[in-house]
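This structure is a prediction, so every number in the text was calculated from the model and none was measured.
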Amino acid sequence: MYNPSTNLLEGIRNLFPLETCPWDDYYMRMAQTDFLLGRHNLKASKTYFIRKAPFGGSFAHLGGLTAFLRILEDYTFDNPDVFAALHDQGYRKEFTKYLFEEHKKLSLTVFAPPEGSIFFPNEPCIILEGSLLDVRIAEGMLLSSVNYPSLAMTKWARVVQAADKGSTMEFARRRAQDPLRTSLYAFLAGVNITSNSDLRKGIDCLTKGTMGHEWVQSFGDEYEAFDKWLEINPDRPVLLVDTIDTLKSGLPNAIRAFQKHWDRIKEAKGVPGIRNDSGDLAYITIEERIALDKVGLDNVLIFETNDLDEFIIEDLRQQIFTNSAQAGLNPVSVISRIVWACGTQPGTCSDQPSIGGVAKLTSIEHWNKIAAVIKIAHDNPIKTSIPGSNRSSLVGSNGEIIDCLIHGRDADLSKCTAAYDSDDESKKLIFQHMKDVRFVSRQLIAFQDGAITREFRDTDVHRVRAHVKAERDMLHWTYKRLKNPHLMKVSLTRELFDLRKKLISNDQLMDK
């Protein structure tokens, strides 16, 4: 169905068909073994988190949550294709019969922050609570749903941040490993335009493309190529000016063509622009801006391409901002009329192709009570988990976020006096003498009783875009630096610190 929508859930349903077996095999094998041992109905919880922020940053943006919730709501085991697939893969008949006849859907509760929220290393981001069978299978669905989208959304949010007051465009379809998801999470991260036409099948977004070098080559005459393009496409008047020589040939021919077709462009409500794809982009852009403004073409945008990523954009933007003033131009005005168009580098997350998000068992029913569970790794402490079905809250003081506090689900934070480093008791924040200390809870109920909750069901794509920006804006600039950012403190309450220390000291996997 071709149905551009502003509702993210609806758009995802149109864009991505359900998989028959949306998990890695070992999740379902563990679930089957639990069933055969009669322990599948034990109450349990799992927590999704990252151990390290991607791209050398200090945080990630949560992408793919709505896609995960959609699978939980729409997927059923009483589907003949699922039944046949499980039999084909060697699952026991008694297990598949149980799923097909008695356990047709996963039934669990999901706690999560809204799509696009920031989250920090080791912070419990998404929490699954339900039967052991349900949380095992759900983890398989969860990781493939959120890991790459969170990576992509984080990367593109960094591109948007680097562009500052300029606009952004994504054209990664040609080279991205997962083109549709790349384009979706680039758009949700705040990118203004995509060249991926198929995204509009489900998402109401702006799609646009520019000419390629082959258009100019096919004419043999640059001016004629520009002239004919604007004659036919006055509504999409962006000209590629570097096929021969950007400043000596492409720019003069583009100006001439724009002047000839200006009335046609205006009537068609086209947004005119030129595109640079090679050379010294900072220098070329300033020279182009001087020439365009001189002849009254001040509303012609300049599209920058050529393997850009957030680091290159930030460097070019700073160069242009600094040197355009020396050329007699208004730096803010120059930057605001640039479109940073990115493809291969952010589209493939070339500098870090995976995010390493994991979900760990954090509690399980034991002798009719819920016991906290830990994974211990003495040789690699970063892999030692935090026990219990926990939640996180941002701690603010004097209007500034100073800590991300991990605490038990029922903890009374009004009585919390300090936050402890997970591995070093001496490193702690004392709240007693701080002014206006506030705790902002991060997780909401996203899925319950077999259905997505209303707040997460009605997610609007433009609200996600605004939320990504708002989340980033609440951080001090030092946490948002693309290079060498400050790292947010992620701490534990005293109770959680003591529990973790006890389990590690005794090599005890469960708080029995």
Side-chain angles (χ1 to χ4, degrees), residues 49-63 113 116-123 125 150-168 170 185-186 188-192 281-282 304 307-324 331-332 334-336 338 340 342 345-357 382 392 394-405 421 427 429 440 442 465-491:
F49 61 96
I50 58 174
R51 295 188 176 108
K52 186 177 181 181
F55 314 116
S58 64
F59 60 88
H61 284 279
L62 176 61
S117 297
I118 60 172
F119 64 108
F120 303 98
N122 297 314
E123 177 188 6
C125 183
S150 294
L151 182 76
M153 180 180 279
T154 303
K155 186 66 171 178
W156 287 103
R158 289 162 64 87
V159 167
V160 173
Q161 175 186 325
D164 194 28
K165 292 179 170 55
S167 296
T168 48
E170 172 270 319
Y185 292 100
L188 293 177
V191 173
N192 305 103
L281 295 182
E304 311 283 15
D307 279 346
L308 303 181
D309 65 7
E310 70 269 36
F311 300 106
I312 296 173
I313 291 173
E314 184 174 65
D315 180 59
L316 289 172
R317 179 175 56 79
Q318 289 174 351
Q319 288 185 56
I320 292 169
F321 190 90
T322 300
N323 294 291
S324 59
V332 175
V334 174
I335 294 296
S336 67
I338 293 176
W340 303 94
C342 303
Q345 303 306 318
T348 62
C349 296
S350 61
D351 50 339
Q352 185 179 326
S354 67
I355 198 172
I382 194 174
S392 64
L394 295 181
V395 183
S397 177
N398 287 332
E400 185 174 315
I401 298 170
I402 58 172
D403 190 77
C404 176
L405 181 65
D421 180 273
K427 296 179 181 179
L429 282 174
V440 181
R442 299 296 281 166
R465 288 162 59 87
H467 184 65
V468 168
K469 183 178 184 304
E471 288 277 289
R472 200 165 60 241
D473 286 350
M474 71 179 176
L475 296 177
H476 191 268
W477 69 269
T478 53
Y479 295 106
K480 297 183 286 186
R481 278 195 301 232
L482 298 180
K483 296 179 181 178
N484 302 315
H486 289 181
L487 301 181
M488 180 63 66
K489 293 180 178 65
V490 179
S491 307

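With hydrogens and angles disregarded, a donor-acceptor distance shorter than 3.5 Å links the side chain of Gln161 to the backbone of Lys480. Proximity of a side-chain donor or acceptor of Thr154 to a complementary backbone N or O of His61 within less than 3.5 Å is detected.
Residue Asp309 holds its CG atom at 6.5 Å from CG of Asp351, rounded to the nearest 0.5 Å. Here the CD1-CD1 distance, from Ile338 to Ile313, works out to 10.0 Å after rounding to the nearest 0.5 Å. The line from CZ of Phe321 to CG of Asp164 is 8.5 Å long, rounded to the nearest 0.5 Å. Here the CG atom belonging to Leu62 is positioned 4.5 Å from the SG atom belonging to Cys125, to the nearest 0.5 angstrom. Asn122 CG to Lys52 NZ: the interatomic distance, rounded to the nearest 0.5 Å, is 12.5 Å. Here the straight-line distance linking atom OG of Ser167 with atom CD1 of Ile335 works out to 11.5 Å at 0.5 Å rounding.
Using a 4.5 Å heavy-atom threshold, the side chains of Lys489 and Leu429 count as touching. Inter-residue side-chain proximity for Phe59 and Leu475 is flagged as met; some heavy-atom pair is nearer than 4.5 Å. Between Phe55 and Leu151 the shortest side-chain heavy-atom distance falls below 4.5 Å. Looking at Leu308 and Leu281, their side chains come closer than 4.5 Å, going by heavy atoms from C-beta outward. Contact check for Phe119 versus Cys404: no side-chain heavy atoms found under the 4.5 Å cut-off. Between Val159 and Trp340 the shortest side-chain heavy-atom distance does not fall below 4.5 Å.
Here the shortest heavy-atom pairing between Ala60 and Ile355 reads CB-CD1, 4.2 Å. The shortest heavy-atom contact between Val191 and Arg465 is O-NH1, 2.7 Å. Taking each heavy atom of Arg472 and Val160 in turn, the nearest pair found is NH2-CG1, 4.1 Å. Across Ala157 and Ala189, no two heavy atoms sit closer than the pair N-CB, 3.6 Å. Counting all heavy atoms, side chain and backbone alike, Trp156 lies closest to Gly347 at CZ2-N, 3.7 Å. Between Glu123 and Ser392 the shortest heavy-atom distance is OE2-OG, 2.6 Å.
Side chain to side chain, Ser117 and His467 meet the donor-acceptor criterion of an N or O pair below 3.5 Å.
When each of Ile50, Leu394, Leu487 is tested with Phe120 by the rule side chain to side chain contact (heavy atoms under 4.5 Å, CB included), just one qualifies, namely Leu394.
A salt bridge links Glu471 with Arg442: the closest approach of a Lys/Arg side-chain nitrogen to an acidic carboxylate oxygen falls below 4.0 angstrom.
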Exercise for the section: Using the side-chain contact (heavy atoms from CB on, under 4.5 Å) rule, take Gln345 and Glu310 through it: C-alpha gap first, then chi angles, then the decisive distance, then the call. Expected result: CA-CA 9 Å; Gln345 303 306 318; Glu310 70 269 36; over 6 Å; no
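By the neighbour-count criterion of 12 heavy atoms within 6.0 Å, atom CG of Asp473 is densely surrounded, having more than that number from other residues, nucleotides or ligands.
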